Amino acid sequence: MNSAAGKNTRIARGWKSYALGAATVAALLASTACEPGAAEDSDGAQPSDRPSATSSAKPGGGSGDVGAVAACTQEDLAVSATKESPDDEGARHLLLTVQNAGDKKCNVYHHPWVEIGDAQAPTPVIKDSSPDPGKPMTLAPGEEAHAALLVAGGARDEYEATTISLTLHGNEVGSTAGEPIDVPMPVATLYADDGQLVTYWTTASGAALDFIMSK
């Protein structure tokens, strides 16, 4: 009897030790799972989200070359206006040209603000005439940019004009760079109307004129 009772006591103690050991292991596993570095990094990023050593930052939207070039002003440029055809007595189709007369590159933006004579507002621009919307045109010394000007489109309210003024756009749409420039007149008097139009700047004079020659 005593021998059987002792054996039973040892078995009970063995099961108790096994249960305690299992509980200890479970507690250790639970503790490890809760540590910050186990399932995620200490900064909260999942391991798959962390950039690899070979990742590189994407370049921004700006261009360092463009940013280093100043906007052209009236002090940098020589300005002219020529008739598309010498036989065009009314001078309805003009080519406005600006040439970088300085010793550094400069940018012209968008289109010129043009006022013919005593116009109440700048000449409207042909929206689809931009060769590269939003991109400045960089002129090296001696290089030119062109804009075509339709003086009269056959609309109403014709008036005489003896001056053309041109104001350069700044980087932002609606901004200006410098003061208005008096453009030398190709004829003594222009006969303008409210159908006048101007194109965006381009380096291709023929491309600019194509937008107004059919008007």
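Residue indices begin at 1 and follow the sequence shown. Computation of the quantities below employed the complete heavy-atom set of this structure, encompassing side-chain atoms and omitting hydrogens, waters and symmetry-equivalent molecules. Just so we're clear, the structure is a prediction, and the values are computed from it rather than from any experiment.
Side-chain contact between Glu143 and Gln99 is absent, with no heavy atoms from C-beta onward closer than 4.5 Å. Leu150 places a side-chain heavy atom less than 4.5 Å from the side chain of His93. Considering only heavy atoms from C-beta on, Thr203 comes within 4.5 Å of Met137 through its side chain. A 4.5 Å side-chain heavy-atom check between Asp157 and Asp193 finds every atom pair outside the cut-off. Taking 4.5 Å as the limit, every side-chain heavy atom of Tyr159 sits out of range of all side-chain heavy atoms of Asp118. Residues Val114 and Leu96 form a side-chain contact, since some pair of their non-hydrogen atoms from C-beta on lies under 4.5 Å apart. No side-chain heavy atom of Leu149 sits under 4.5 Å from any side-chain heavy atom of Leu95. Between Thr162 and Leu190 there is no side-chain heavy-atom pair separated by less than 4.5 Å.
Using a 4.5 Å cut-off between side-chain heavy atoms of Ile, Leu, Val, Met, Phe, Trp and Tyr, with links allowed through other members, Val98 and Val183 fall into the same hydrophobic cluster.
Interatomic distance, CD1 of Ile164 versus CE of Met185, reported as 5.0 Å (0.5 Å rounding). Expressed to the nearest 0.5 Å, how far CG of Leu77 lies from CD1 of Ile181 amounts to 6.0 Å. If you take NZ on Lys215 and CZ on Arg92, they are separated by 11.0 Å, rounding to the nearest 0.5 Å.
Listed for the Glu115 side chain is no donor-acceptor partner under 3.5 Å among the backbone atoms of Ser165. Looking at Asn107, its side chain never comes within 3.5 Å of a backbone N or O of Pro136 through a donor-acceptor pair. Looking only at distances, no side-chain donor or acceptor of His110 sits under 3.5 Å from a matching main-chain atom of Trp201.
The nearest pair of heavy atoms linking Thr199 to Ala208 is CG2-O, 3.7 Å. Nearest heavy atoms, Gly102 versus Asn100: N-OD1, 2.9 Å.
Listed by chain and number, the residues in a side chain to side chain contact (heavy atoms under 4.5 Å, CB included) with Thr73 are Glu75, Asp76 (sequence neighbours excluded). The side chain to side chain contact (heavy atoms under 4.5 Å, CB included) check on Tyr191 picks up Glu158, Glu160, Thr189, with sequence neighbours excluded.
Under the side-chain hydrogen bond (donor to acceptor under 3.5 Å, both in side chains) criterion, the residue pairs touching residues 119-133 are Thr123-Gln196, with sequence neighbours excluded. Contacts classified as disulfide (SG to SG under 2.5 Å) and involving residues 76-195 (residues at least two apart or in different chains) are given here: Cys72-Cys106. Sorted by first and then second residue, the disulfide (SG to SG under 2.5 Å) pairs with a member in residues 115-179 form an empty list; sequence neighbours excluded. Sorted by first and then second residue, the disulfide (SG to SG under 2.5 Å) pairs with a member in residues 170-215 form an empty list; sequence neighbours excluded.
The distance between the ring centers of His169 and Tyr109 does not fall below 6.0 angstrom.
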Quick one, Thr202 with His146, criterion side-chain hydrogen bond (donor to acceptor under 3.5 Å, both in side chains). Give me CA distance, side-chain angles, the key distance, then yes/no. CA-CA 5 Å; Thr202 178; His146 310 279; over 6 Å; no
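Crowding of Lys105 atom NZ: a count of heavy atoms from other residues, nucleotides or ligands under 6.0 Å not exceeding 12.
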